[in-house]
Amino acid sequence: MPEHSHQLAAILFADIVNYTAMMQEDENAALEKITRFRHVIDIIVEELEGKIIQYYGDGCLVLFNSATDAVEFAKLLQTDFNEEPKVPVRIGVHMGDVLLRDGNVFGDVVNIASRIQALAPAGGIYISEMVYRNIANKKGMDSVFIKEEKLKNVRTPIRIYEVLTEYSTTVYHTNADDEQVAIDENSIAVLPFVNMSSDKEQEYFSDGLTEDIITQLSKIKSFKVISRTSVMQYKKTPKSIKEIGKELGVATILEGSVQRSPTKVRITAQLINAVSDEHLWSESYDRPVDDIFTIQREVALAIASVLNTTLTKKESQQLDYVPTVNLQAYDLYMRGKFLVEKRNKTDLLVARELFQQAVTKDRTFADAYSGLATTYLLSSFRGYEDPTRMLWLAKKNIDTALGLDPSSGEIQATLGYWYHQTFDWHAAEITYRRAIDLNANQSNVYLWLGILLEAKDEKEEALKVYSRGTELNPMWDYLVENRIRALVNNNQVEEAVALQKGLIEKASADPSLQKMYYEDLSRLYWFLNNKEAAIQAAQRSGKKSLLTFYTDGDHAQLEKEVDKSYEELRDKSEYVSQVWMGIDYARAGARDKALDCFNNAIALKETAITFLLLRHFDFLNIKYLSMALITRKIRQIINF
């Protein structure tokens, strides 16, 4: 009988990065590296009582009796391999119960260690949370949290940490739990530029400049640039640069001011290290107003230089691109962009008129045509106006914009949203991904793509997309709300509840918004069958009609509130969306009215009906089976 036994062990995987490419380029040099790799491992492993289970190709699997020995071994390896001749090695460590049999090792621990190692960068040491807990507070073994990752063939997500060495380039903040959290060294937030003009009506110009610099920096692929929605929340904030950097998870922050006269503009800008508060670069620009695009380009190039970023030829060409030579058109466009962010119908209609004036002044202004299309698409999906007409007008402007600038990531994103709303999801997904490839810093695309993937029941992929979006735009509540729903539908309820409580805390300065988030938390608890917590949250929300439903099962008052709001819309001869009216009735527990609206919306092919493919925890009295026929009808309309 073969001998076998179980034991608690730390498993370490190490391999040479890009070894295959090395062999193709210089076979002798590659063989020298693999020989050095194995020789160093053979020497050091004995010192720490490790056991080499096997060498495989360009890698090695080693077993240790303790996490401390495994990490010490990993650090010694990287120290040696960083000396000439250097060997680019990545290492992964996990620990747990393993089965030893005939000199081999088996178990989930081996698989997880291998997956963790594959995520590490050259010169890096990645470890699991189990290993981190065993080495925490041990001298010389500092680690930083990198991310939570869903590994292939592993049921639950794994929290991954990096062991810091003298060769580590990882930048990190310390969070509220005193845990060091890694951040991208090329991450940057552009704070709202301060309007120094005597005319306070120029506020849109300073905000527009902020957004344009964000757009310019987003053209550099190696940069992670925080979206406008998140940075605008720091307008006139008393918070320090370090505090803002920690909240946004960035390494650097750009801040500045702008003063504009009819013919001149003065812009000051400074780049600050968000971890150390060190000033990295500053500059002042006194130029004619029509030099505004040149200034934006110069700021982006200066930041790239300070952060040691080499631009590709394509990136340089994109930075040279001038959206319009007509400053009046540009002025109108920036006013429109300022209003679109508000997302309500009144501001969307004003923004549309401003964009229309912009394209009238410059028929080659692609971004203004794209802005026009966006107003139509938002109005269509949100049920503000008749979707059929909105989609036709949107496509007309998208086609014009694409003809002028086919390589714009923003215009591709708008096209993807049009495909999404016209039920061609195959084309929508391809176009969304193309938009991200052209400009990876568009948080709205991650929202739209996440909703599409979630509706296709690709839950894990949807959560990854939402997570990437919230990294770029951590303060965008609507994106967080969608992520919460996706987490609930993927049975990650603890994280969902924590995020919802985070929204409540964030809204502390806005009582009405905070009450709305308490209502959402209440509905989430009710869905999870935690009735006591649901009632407590409902009391905090001040929603008496919801409390009545919880305590008496009576949804009449909730239903009356919805009746009244839509009667008011009809009295004003406003367009009424069947799908959004149905959603409001579903939230009120009026099951029959909700289902009637949903069926009407399907018959009308309203663009937002696909939103019903998602499972909404805030619906009352509507069970999964009640929606089964509805979702089946919707799926028949979509080209997947």
Heavy-atom pair of closest approach, residues [X] and [Y]:
X      : Y      : result
Ser230 : Pro474 : OG-N, 3.1 Å
Ala300 : Gln216 : CB-CB, 4.2 Å
Leu191 : Thr210 : O-CG2, 3.8 Å
Ile241 : Ala274 : CG2-CA, 4.0 Å
His94  : Ser128 : ND1-OG, 2.7 Å
Ala413 : Ala435 : N-CB, 3.6 Å

[X] side chain to [Y] main-chain N or O, any donor-acceptor pair under 3.5 Å?
X      : Y      : value
Thr79  : Lys75  : yes
Gln442 : Gly409 : yes
Asp184 : Asn186 : yes
Ser305 : Leu301 : no
Lys219 : Gln318 : yes
Lys224 : Asn441 : no
Thr470 : Asn473 : no
Gln412 : Tyr432 : no
Gln514 : Ile504 : yes
Gln500 : Tyr517 : yes

Around [X], counting heavy atoms of other residues, nucleotides and ligands shown, do more than 12 lie under 6.0 Å from its [atom1]?
X      : atom1 : value
Asp108 : CG    : no
Lys456 : NZ    : yes
Asp277 : CG    : yes
Met232 : CE    : yes
Asp320 : CG    : yes

Just say parallel, tilted or perpendicular for the rings of Phe73 and Phe64, cut-offs at 30° and 60°.
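The arrangement is tilted - the two ring planes meet at 30° to 60°.
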Could you go through Leu76 and Leu48, starting from their C-alpha distance and side-chain angles, then the distance that decides it, and tell me whether this counts as side chain to side chain contact (heavy atoms under 4.5 Å, CB included)?
CA-CA 10 Å; Leu76 288 170; Leu48 293 163; 3.9 Å; yes
side-chain contact (heavy atoms from CB on, under 4.5 Å), paired with Trp281, selected from Ile272, Thr252, Val306:
Val306
Test side-chain contact (heavy atoms from CB on, under 4.5 Å), reference Glu454, set Arg483, Arg615, Arg485, Glu461, output is Arg485
Take Ile11 and Val93 through the side chain to side chain contact (heavy atoms under 4.5 Å, CB included) test and state the conclusion after the steps.
CA-CA 6 Å; Ile11 298 296; Val93 187; over 6 Å; no
Taking only Lys NZ, Arg NE, NH1 and NH2, and the carboxylate oxygens of Asp or Glu, determine whether [X] and [Y] approach each other closer than 4.0 Å.
X      : Y      : value
Lys501 : Glu505 : no
Asp58  : Lys33  : no
Glu460 : Lys464 : no
Lys239 : Glu247 : yes

Approximate separation, where rounding is to 0.5 Å, of [X] [atom1] and [Y] [atom2]:
X      : Y      : atom1 : atom2 : value
Leu479 : Ser467 : CG    : OG    : 9.5 Å
Glu298 : Leu319 : CD    : CG    : 11.5 Å
Ile253 : Leu271 : CD1   : CG    : 9.5 Å
Met22  : Asn28  : CE    : CG    : 14.5 Å
Ser227 : Ile214 : OG    : CD1   : 7.5 Å

Just by distance, with hydrogens left out, do [X] and [Y] show a side-chain donor and acceptor under 3.5 Å apart?
X      : Y      : value
Glu49  : Asn65  : no
Gln492 : Asn490 : yes
Glu243 : Ser240 : yes

Distance to the ring centre below 6.0 angstrom and angle to the axis at most 45 degrees; does that hold for Arg38 and Tyr55?
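Cation-pi check for Arg38 and Tyr55: passes.
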Please confirm whether the ring centroid of His420 lies under 6.0 Å from the ring centroid of Trp448.
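Not close enough - the centres of the two rings lie 6.0 Å or further apart.
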Could you go through the salt bridge (Lys or Arg N to Asp or Glu O under 4.0 Å) check for Arg133 and Glu129 one step at a time?
CA-CA 6 Å; Arg133 287 178 179 174; Glu129 185 172 24; 3.4 Å; yes
